[in-house]
Amino acid sequence: MKELAGKAAFVTGAASGIGLGIATALAQAGVKVMLCDIEEAALSAALEQLRLTNVDVDGVQADVSLKDELAAAAEATTARYGKVHILVNNAGVGGGGSYGTWTEASWNWAMGVNLMATVWGIEIFGPLIEQHGEGGHIVSTASIAGLISGASNAYNVSKYGVVALSEGLRGELAPRGIGVSVLCPGFIRTQILNSRRNLPKRFEGELRTLPTSGPLAEQINLIRERLSQGIDPMYVGELVREGIENDWPYIFTDLEFEPMVEARFAAIKQGFDHIRGRNPER
Ligand SMILES: NC(=O)c1ccc[n+]([C@@H]2O[C@H](COP(=O)([O-])OP(=O)(O)OC[C@H]3O[C@@H](n4cnc5c(N)ncnc54)[C@H](O)[C@@H]3O)[C@@H](O)[C@H]2O)c1
């Protein structure tokens, strides 16, 4: 989508971090932005800040992992802005647990917010974007953990899912005038490690307490340290705007993990090499 000014966008997880960066960059490019988030106070604060500048933004509170709430947020968006052109499925939660620490609730929470909300978002907003015939774009925030698996299995699975969904939909939606990008950030300076602040009541008491000592605690501390020195989410917002304008399939934020992605590709290639030259009939 080369011309962003005057278009309308719906951005989830927009009250803070990367989502706020994306909402800000789009609003500054002249896009009308509906910010959606579960966290009401942060959403009000974000809107207040954004409205200090000359932008057209509004907000709607929703737990995007609940389809009914997401559908109501979509209705609020069309009621406010009429047409919607850009969908950004960005809301996400860290964790979900590694082997020995995950629970059914931790899987449901991570999969619900990170993956199923993306599925519902596309299901609900896809037809809204299609129906006006002006074209549009869908960006979904995965992670570099959607291409190389890190320590948290539920998180990895949810993010690989977002990459798979985006890759599949790109070909499917292009003829319908909708571009599809997947955002795979590295370490970004956000509150992602404090995701439990938004744990829905239905999962309360169902997640393991995070350890304060031992290898997992050390790993979490290392990630906390890296995140605190991570990339500015406002810069990520600018990259996403550029990705939408130029229809990039993959939006990366930096080169740190490129060698690890290459190592994964090399391991996959080695798997093919093991059977190269064998008779496929056998
Ligand atoms: N920070 C990083 O280093 C990093 C790296 C890779 C991917 N990501 C991804 O970026 C996205 C944004 O995360 P962030 O880093 O900005 O973290 P963040 O915690 O600062 O922001 C996440 C936002 O999502 C909202 N949210 C959480 N659950 C929600 C729900 N059920 N419904 C609606 N909104 C909800 C939060 O209130 C918050 O505003 C996530 O999908 C995350 O997995 C982050």
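Read the numbers this way: they start at 1 and go in the same order the structure lists the ligands and their atoms. Note: hydrogens, waters and symmetry copies are ignored here, and every other heavy atom, side chains too, is used.
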Considering only heavy atoms, does [X] approach ligand 1 within less than 4.0 Å through its side chain, its backbone, both, or neither?
{"X": "Asn198", "value": "side chain"}
{"X": "Ala142", "value": "backbone"}
{"X": "Ala62", "value": "backbone"}
{"X": "Lys159", "value": "side chain"}

Give yes or no for whether the N/O distance cutoff of 3.5 Å, strictly under, is met between [X] and ligand 1.
{"X": "Tyr155", "result": "yes"}
{"X": "Val113", "result": "no"}
{"X": "Gly186", "result": "yes"}
{"X": "Asn114", "result": "no"}
{"X": "Ile18", "result": "yes"}
{"X": "Val93", "result": "no"}
{"X": "Ile38", "result": "yes"}

Which ligand 1 atoms are under 4.0 Å away from a heavy-atom of [X]?
{"X": "Gly17", "result": "16 (O), 20 (O)"}
{"X": "Asp63", "result": "30 (C), 31 (N), 32 (N)"}
{"X": "Phe187", "result": "3 (O)"}
{"X": "Thr190", "result": "1 (N), 14 (P), 15 (O), 16 (O), 17 (O), 20 (O)"}
{"X": "Thr141", "result": "9 (C), 10 (O), 11 (C), 41 (O)"}
{"X": "Ala91", "result": "24 (O), 34 (N), 35 (C), 41 (O)"}
{"X": "Glu39", "result": "37 (O)"}

Checklist entry - Of the protein's non-hydrogen atoms, which lies at the shortest distance from atom 24 (O) of ligand 1, and what is that distance? => result Gly13 CA, 3.3 Å
